[in-house]
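Scroll down for the structure; my scribbles are underneath it.
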Amino acid sequence: MNIISKDETEEITKDVFNKYKDYYNPMLARLLKFSSYDRVEWKARGSVVTDLSGKKFIDCGGGYGVFNMGHSHPKIIQAVKDQLDLMPLSPRVFLSKPLADLAELLARITPGDLKYSFFCNSGTEAVEGAIKLARLSTKKTEIIAAINAFHGKTLGSLSFSGRDIYKTPFEPLVGDVKHVPFGDVDAIRNAITQKTAAVLLEPIQGEGGIIIPPDDYLPEVRRICDENNALLILDEIQTGMGRTGKNFACEHFGVVPDIMTLAKALGGGVMPIGAFIGTQKVWEAFAPNPLIHTSTFGGNPLACVAAKAALEVLIEEDLAVKSKELGDYLIGKLSDIKLKYPEYIADVRGIGLMIGVEFASEGIGGIVIPSMVKDGVTAIYTLNNPKVIRFEPPLVISKEQLDRVVDSFKKALDEVKTKYSHLFK
Ligand code: PLP
């Protein structure tokens with residue numbers, strides 16, 4: 001059933017599109033049109049986003065890792081509504097119960113001796129804060145990061161990210177950064193010096209194209225950091241909160257970082273919030289000046305109650321276990337499709353519901369994604385690897401919905417084969 005009439009839908013869609021073109025981001029408007037994403041989103045529940053016309057889409061992009069708990073989870077929405085009536089934002093002079101409760105719960109849920117939290121509003125801010133803390137704590141400056149890493153787009157985080165097209169136009173960036181190939185222990189061993197403050201890594205690279213390192217990589221990096229008095233910072237902004245089949249991806253490898261960054265799904269798909277969490281030892285560096293790192297909106301009551309409810313949902317609904325089961329199911333189905341289209345699909349890989357399909361050439365994703373969107377399924381690119389598209393649906397998705405996704409992906413590949421095979425010879 002249409003939410004509004006067809007004519008009204010068309011009129012509003014045209015108006016919104018033109019405002020994007022005239023007042024927001026003309027190139028993005030064109031890109032959205034090209035990908036068939038030029039429709040107005042209206043409502044979202046669970047794993048389904050509905051547009052203005054009433055057309056439903058299974059959300060396999062999952063907001064790039066935001067909607068682990070699904071869209072508009074009732075428990076999280078209720079927590080935010082209740083807090084909205086009490087006090088939406090904090091005057092930042094008194095003690096805040098939502099903030100204190102969230103900090104305690106995070107200390108309990110995160111692995112090992114991670115204990116103290118700082119709250120901010122986004123992933124990139126969490127990375128900025130983690131790096132500042134690492135520099136303060138070690139009194140050193142050098143950071144080792146990975147090629148093709150993604151840590152955000154503010155100047156600091158961009159400096160640690162690993163793809164030049166996003167970085168070069170803004171140089172000079174933050175200095176004293178070395179980039180090494182991801183997954184290569186020897187590269188870290190060769191790069192690290194007594195001047196290294198921290199090694200900053202995603203446990204599994206997301207925007208780099210869903211890259212899972214060898215099993216012994218992170219444990220070895222942990223050891224090398226310890227030997228060189230350098231900290232290990234793990235960026236779990238995309239991998240955290242159950243996405244990979246564990247609450248936090250570092251748990252697959254039995255590794256506890258000195259500092260962990262979180263954002264995206266931490267807000268339960270309802271509020272924006274980021275955090276970095278560190279051990280007591282590292283946090284001591286903040287002790288002499290409690291105001292050395294601050295944020296006006298970071299840790300606001302609405303975001304904190306959303307995050308606390310999101311963590312509770314993660315545990316109560318066993319989302320990490322679901323992610324593993326459903327991820328194995330989807331990887332199996334996608335791998336079957338790979339066997340049918342070896343000329344177009346180079347690889348299917350993933351862990352939990354963090355899954356990438358690598359095409360044999362770059363242009364294939366540009367046909368597959370719009371075809372799936374027209375068929376009512378959203379899928380997304382990875383920022384640092386144009387050959388790879390991602391499936392990161394809400395962890396509450398059903399097997400039936402995944403079957404629909406697989407069917408749609410298969411239809412899209414049929415379209416590549418029947419209409420566009422000449423382009424990929
Ligand atoms: N770190 C990782 C691993 C990410 O995937 C992202 C976003 O995609 C970020 C940091 C940046 O987060 P935000 O866009 O909230 O600044």
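These numbers come from a predicted model, not from an experiment. Order of listing sets the numbers, starting from 1, for every ligand and every atom in it.
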Counting each atom of ligand 1 from 1 as listed, which ones have a heavy atom of Glu207 under 4.0 Å away? 8 (O)

Establish, for the pair Lys264 and Tyr64, whether the NZ or CZ atom is under 6.0 angstrom from the six-membered ring centre and no further than 45 degrees off its axis. no

Glu202 versus ligand 1: do any nitrogen or oxygen atoms come within less than 3.5 Å of each other? no

Pair Tyr217 + Phe253: ring centers closer than 6.0 Å: no

Shortest protein contact, atom 5 (O) of ligand 1 (heavy atom only): Gln238 NE2, 2.8 Å

Quick check: does any side chain N or O of Lys308 sit under 3.5 Å from a backbone N or O of Ala79, one acting as donor and the other as acceptor? no

With a 3.5 Å distance limit and no angle check, can you tell me whether Arg45 reaches the backbone of Ser72 through a side-chain donor-acceptor pair? no

Nearest non-hydrogen protein atom, atom 8 (O) of ligand 1: Lys264 NZ, 2.9 Å

Pull out every atom of ligand 1 sitting under 4.0 Å from any heavy atom of Thr124, numbered as shown with elements. 11 (C), 12 (O), 13 (P), 16 (O)

Nitrogen or oxygen of Gly123 less than 3.5 angstrom from that of ligand 1: yes

Please check: side-chain N/O of His252 versus main-chain N/O of Ile351, any donor-acceptor pairing under 3.5 Å? no

Heavy-atom protein neighbour under 4.0 angstrom from atom 12 (O) of ligand 1: yes

Can any side-chain N or O of Asp164 pair as donor or acceptor with the backbone N or O of Lys167 at less than 3.5 Å? no

With Lys75 via salt bridge (Lys or Arg N to Asp or Glu O under 4.0 Å) - residues at least two apart: Glu312, Glu316

Consider ligand 1: state whether an atom of it lies below 4.0 angstrom from any non-hydrogen atom of Gln205. no

Could you identify the single nearest non-hydrogen protein atom to atom 1 (N) of ligand 1 and state the distance to 0.1 Å? Asp235 OD2, 2.7 Å

Run the numbers for me: atoms of ligand 1, each under 4.0 Å from some heavy atom of Ile237, listed by number. 1 (N), 2 (C), 4 (C), 6 (C), 9 (C), 10 (C)

Location of contacts on Phe150 toward ligand 1, heavy atoms closer than 4.0 Å: both

Kindly indicate whether a cation-pi arrangement holds for Lys21 with Phe17, taking the cut-offs as under 6.0 Å to the six-membered ring centre and within 45° of the axis. no

